[in-house]
Every structure is written in C-alpha cells, then in structure tokens.
Amino acid sequence: MSHGAASKFVNEPASPAPSRSAAPFRSAFRFILLLGLVDAFGPLGIDMYLPAFPQIEQSLNAPTGSAELTLALFLAGLGVGQILFGPISDRFGRRLPLLLGTAAYAIASLICAFATSIESLIAARFLMGLAGSTGMVIARAIVRDSFNEKESARVYSMLMLVIGIAPIISPSLGAWLMQFGDWQIIFHAIALFSFACLAFALIDLPETHPKERRLPLNVITITQQYLGLLVNFRFMGYALAGSFALGQIFAYVSSAPSLFMEIFEMPPHLFSIAFAANAIGLIGIAQVNRWLTQRFSTHTILLAAMTGNFVVGTMLSVLAATGLGGPPLFMLGIFLCLTSLGLILPNATAAVMAPFPKQAGVASALYGTLQFLIGSGTGAIVGLLANGTPAPMAYTIAFCAFVTLALGITVERKRQAEIASVAAEVIS
C-alpha cells in the first residue's frame, strides 16, 4: 500500500475503535446523561435568568437595557473559551479540564449572585461563559474519543435530548425560583447544579484521551492545528453545513416572539405551546435518528435530511411571499423545517469529528465557534431585516437551508471520490 493511501486511511478511519479508557463506564446512560448535563451549561446560563432582567437592572440601579450586556459577555465567554479549552483538553486530557471548568462555572455563578454592580455582574458573566465552554467543547471531544462515527451520531442524538430540554424549561424554572427570592436565587441554583455535576463527574468520569494521543501545547502548534482544520476540505464542509443548519434555529428563536405574538397575534400561552412543540419535534426526531443509524449510513441520512430541509425551507419562503395558508400553514412549515434539523445536527457533528481522533478538542472547539458565529450572524440578520412580516425569518431559513445542502452535496462528493481513490490504490 502506498504512503498516500495509508495517510488517507489515517485521516479517515472507517470505524475507529473506542478508547480503552471508555470501558470502565458502569452505565452508558449515566455517561451520556453526564455529558448532556455539562453540555447544557451554555443553554442554562443563557435562558434561566432571562425573566430576571428587569429586577437585575432595578436592584443594581443599572440603566435600562444594561442586563442584555451580561448576556452578550456570557456569549463572548462561550466563544472565546471553546477556542482556548479545545487545545488544552488535547494536551492534558478531558477529565481534569472538565472538572476544573465545572468548578469554575459554579464559582462564577456564585460571584454573579453576590455582584453589587452591573459592571461586576458583566465581568462575572464573562468568566462564567469561559468556564461553561469547557462542558460544551469537551463533551463533543469525549464522544469522539469513545465511539466511532456511526455510534457517535446516536450519542449526539441522545445529547440533544438533554440539551434541547434545557432551553425549554430554563426560563420557566427561573421565573418559578424568583417566587422564593430575588434574582440572585437563580445563580445560586445554577451553582448548586454545577457542584452536583462536579460530584457526578468526580465519581463517574474516567479519562478518555490517553497520553499517547496527547498533543503539545504551544502557540505555534495550536495555530498550526487550527489553520490545518481551516484548510481541511472535509472538516470545513461538514462544519459549515452544520453551522448553517444551526443558524436556522437562531433565525427562528430571534424572531419567533415578535412574529407569533405581534404579527400573528398569538396569545402568550399559545406561543409557549407552539415554541415547546417545535423544540419537542426537533428533539424527538433526533431520537428517531438513533434508530435510523442502525439501518442506514449516517451520510445517507444526512444528505436526505438536508434535501428535505431545503425543500421545506423553499416552501416556507413561498408561503411568506404569498400568504398562502396563513399563519397555520406557515407555522407547520416552521415545525417541519426545525424537525429536520434533528437529523442533520447529530450526523453532521459525527461527520465533523470522525477524522480527528488525536485533536478532537481542537476540532470540537473550532466547530463550536463556527456554529456560534454563524448562528449569531443569522439571528442578527433577521433582526436587521425585520419589517413586520414573516419574510425575513423565512428567507433567512431558506438561505441557510440552501447553503447547508450545497455544502453537504459538495463535501459528500469529495469524500466519495477520496474513498474511490484509496480503493483504486489498494487494488493496484
């Protein structure tokens, strides 16, 4: 076999074996539950305290709108933290950075609870975002360490069950907690949750990144790793496809309240039901994906879901432009579009992570950052284009669906061509 053929096999293992360190897990359910809980640090930190914005500003004598800065700095921390902690986990393993990050997340939550000014709360929220990013980036890396591509697609589907529930219940949970205290009680609750996750991880989480796979940690090496991924066609193809798919959720979430309640004149309680139904649809089909991956290739499922997503996104644009069917048909289109993402996101994540067993932390970090940047961008675009109609949301979702499908088709053709080339070299 030629060196070129061998290098291609190394870059794209057909069925990488799980790490030996994954064997001690006493319960696969507990393993996945723990990963889902730490991966939910981001959604919890974003949504749980939203009902407290007015009280925070009043309590800290802060200008109106300043509470939004605490959210913006938390999101900035999540973005910066992923870039930092991905390489750290490739160098020092997954367990120690995750334990330290979880402890720091809990402590930062307590600092938020004791903040006496909006400035100190903003700074504490940035630290909280930095610490919370460890759960998000390392959870994906641990899955890559422990499972092959097909298995990891099923695990990512299960993680979506935990992660998807967090944004649904977090605002209501935050509002309920405020019946028993001021806004600080929310951060006390987050800290308590984080310490519980820390105890869970101390007991149940072994190291999944063995020493022989670890990479050196210095600026030059890290820069080379990130640049290598940025010019890696397969990584960028699947990563951008998954990011634009997630961008559809951002476009929906950022404009759904005003669209449903103001333009469609939907009562708040019906909006809550509709919002929850869309989330349940996405989470539910992700669980169906676990069954589908036992019967079909993850790449087959991914392309089929991307195609369906594009068809529905295009129909959504037509409905927005013509008004055909009114709000009910438009909302059905939104439901179908978001539901299809339950098949795209876990399989795209598995495809992104599969070729990088040694640098799963860096790959997870860059993928998470791309998702964050593109998702935030699509949400901002919908806001800038808002004109009192469903069109901005629909057109943005359709554009994201088109880019997702175009990237998916392109990278799949490239992957198939590489596989055919390797097979031809082996035969020759």
Side-chain angles (χ1 to χ4, degrees), residues 11-12 79 82 136-137 140 143-144 149-150 152-157 159-160 163 226 228-253 282 285-286 289 292-293 296-314 316-317 336-356 360 362-379 381 395-419:
N11 185 50
E12 185 175 356
Q82 290 189 73
M136 301 173 67
V137 68
R140 283 191 297 263
V143 174
R144 176 58 190 89
E149 184 173 353
K150 182 180 284 288
S152 66
R154 292 198 288 270
V155 175
Y156 290 128
S157 297
L159 290 183
M160 286 186 68
I163 300 167
Y226 278 124
L229 290 177
L230 286 170
V231 297
N232 184 292
F233 187 87
R234 172 170 177 174
F235 175 86
M236 290 302 295
Y238 287 122
L240 288 173
S243 298
F244 275 98
L246 187 68
Q248 297 177 50
I249 297 179
F250 278 78
Y252 159 73
V253 170
L282 189 153
I285 201 68
N289 184 61
L292 291 174
T293 54
F296 304 99
S297 159
T298 56
H299 297 276
T300 300
I301 299 169
L302 185 60
L303 272 184
M306 287 176 172
T307 303
N309 178 253
F310 171 69
V311 170
V312 177
T314 303
L316 201 64
S317 294
L336 294 174
C337 199
L338 293 176
T339 297
S340 66
L341 298 179
L343 298 177
I344 295 175
L345 293 175
N347 291 305
T349 303
V352 167
M353 299 295 296
F356 307 103
V362 171
S364 176
L366 185 55
Y367 181 43
T369 301
L370 288 171
Q371 286 185 313
F372 174 80
L373 292 175
I374 292 174
S376 300
T378 57
I381 288 172
Y395 296 160
T396 304
I397 287 177
F399 172 76
C400 288
F402 168 75
V403 174
T404 298
L405 178 60
L407 288 167
I409 291 174
T410 303
V411 73
E412 276 297 313
R413 287 178 176 173
K414 176 73 171 178
R415 188 183 72 88
Q416 292 293 339
E418 289 182 351
I419 292 174

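Quick note: residue numbers are just sequence positions, from 1. The figures that follow rest on heavy atoms only: side chains count, while hydrogens, waters and symmetry mates do not.
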For the OG atom of S297 and the NZ atom of K150, what is their distance to the nearest 0.5 Å? 5.5 Å

Test side chain to side chain contact (heavy atoms under 4.5 Å, CB included) on L230 and M236 and set out the steps. CA-CA 6 Å; L230 286 170; M236 290 302 295; 4.0 Å; yes

Kindly say whether M353 contributes a backbone atom to a donor-acceptor pair with the side chain of R144 at under 3.5 angstrom? yes

Looking only at heavy atoms, the pair that brings G342 and I285 closest together is CA-CG2, 3.3 Å

Ignoring hydrogens, what is the shortest heavy-atom contact between A351 and P355? Give both atom names and the distance. O-CD, 3.5 Å

S364 side chain to V137 main-chain N or O, any donor-acceptor pair under 3.5 Å? yes

With side chains defined as the heavy atoms from C-beta onward, is the minimum distance between T300 and L292 less than 4.5 Å? no

Spacing of L341 atom CG and M306 atom CE [to the nearest 0.5 Å]: 10.0 Å

Is the shortest side-chain heavy-atom distance between Q248 and C337 below 4.5 Å? yes

Would Y226 and V362 count as a side chain to side chain contact (heavy atoms under 4.5 Å, CB included) if you check the C-alpha gap in whole Å, the side-chain angles of each, and the deciding distance to 0.1 Å? CA-CA 7 Å; Y226 278 124; V362 171; 3.5 Å; yes

Run the numbers on F372 and M136 for side chain to side chain contact (heavy atoms under 4.5 Å, CB included), then give the verdict. CA-CA 12 Å; F372 174 80; M136 301 173 67; over 6 Å; no

Any residue meeting side-chain contact (heavy atoms from CB on, under 4.5 Å) with A305, in chain and number order, not counting sequence neighbours: L343, I344

Evaluate the side chain to side chain donor-acceptor pair (under 3.5 Å) criterion for residues Q371 and Y367: first the C-alpha distance (whole Å), next the side-chain angles of each, then the deciding distance (0.1 Å), finally the verdict. CA-CA 6 Å; Q371 286 185 313; Y367 181 43; 3.2 Å; yes

Minimum heavy-atom separation for I397 and A251, please, with both atom names. CG1-CB, 4.2 Å

Please tabulate, for side-chain N and O atoms in residues 399-409, each donor-acceptor pair with protein atoms closer than 3.5 Å (sequence neighbours left out).
{"residue": "T404", "atom": "OG1", "partner": "A241", "partner atom": "O", "Å": "3.4"}
{"residue": "T404", "atom": "OG1", "partner": "A245", "partner atom": "N", "Å": "3.3"}
{"residue": "T404", "atom": "OG1", "partner": "C400", "partner atom": "O", "Å": "2.7"}

Closest approach of S152 and A350, non-hydrogen atoms and distance? OG-CB, 3.4 Å

L240: which of I374, V352, V411 passes side-chain contact (heavy atoms from CB on, under 4.5 Å): I374

Once rounded to the nearest 0.5 Å, what's the spacing between atom CZ of F356 and atom CG of N232? 4.0 Å

If you look at every heavy atom in L370 and A239, which pair is closest and at what distance? CD1-CB, 3.9 Å

Distance col, row Y238:OH vs L302:CG, nearest 0.5 angstrom, shows 6.5 Å

Check whether any side-chain heavy atom of P346 lies under 4.5 Å from a side-chain heavy atom of M160, and answer yes or no. yes

Only counting residues at least two apart or in another chain, list the ones meeting side-chain contact (heavy atoms from CB on, under 4.5 Å) with T410. F233

Any heavy-atom pair between the side chains of L282 and I249 that's under 4.5 Å? yes

Non-hydrogen side-chain atoms of V143 and T349 separated by less than 4.5 Å: no

Check R140 against G368 and note the closest heavy-atom contact, atom names and distance. NH2-CA, 3.4 Å

As an exercise, state the distance from CD of E412 to CZ of R234, rounded to the nearest 0.5 Å. 8.0 Å

Apply side chain to side chain contact (heavy atoms under 4.5 Å, CB included) to the pair I301 and N289, showing each step before the final yes or no. CA-CA 8 Å; I301 299 169; N289 184 61; 3.7 Å; yes

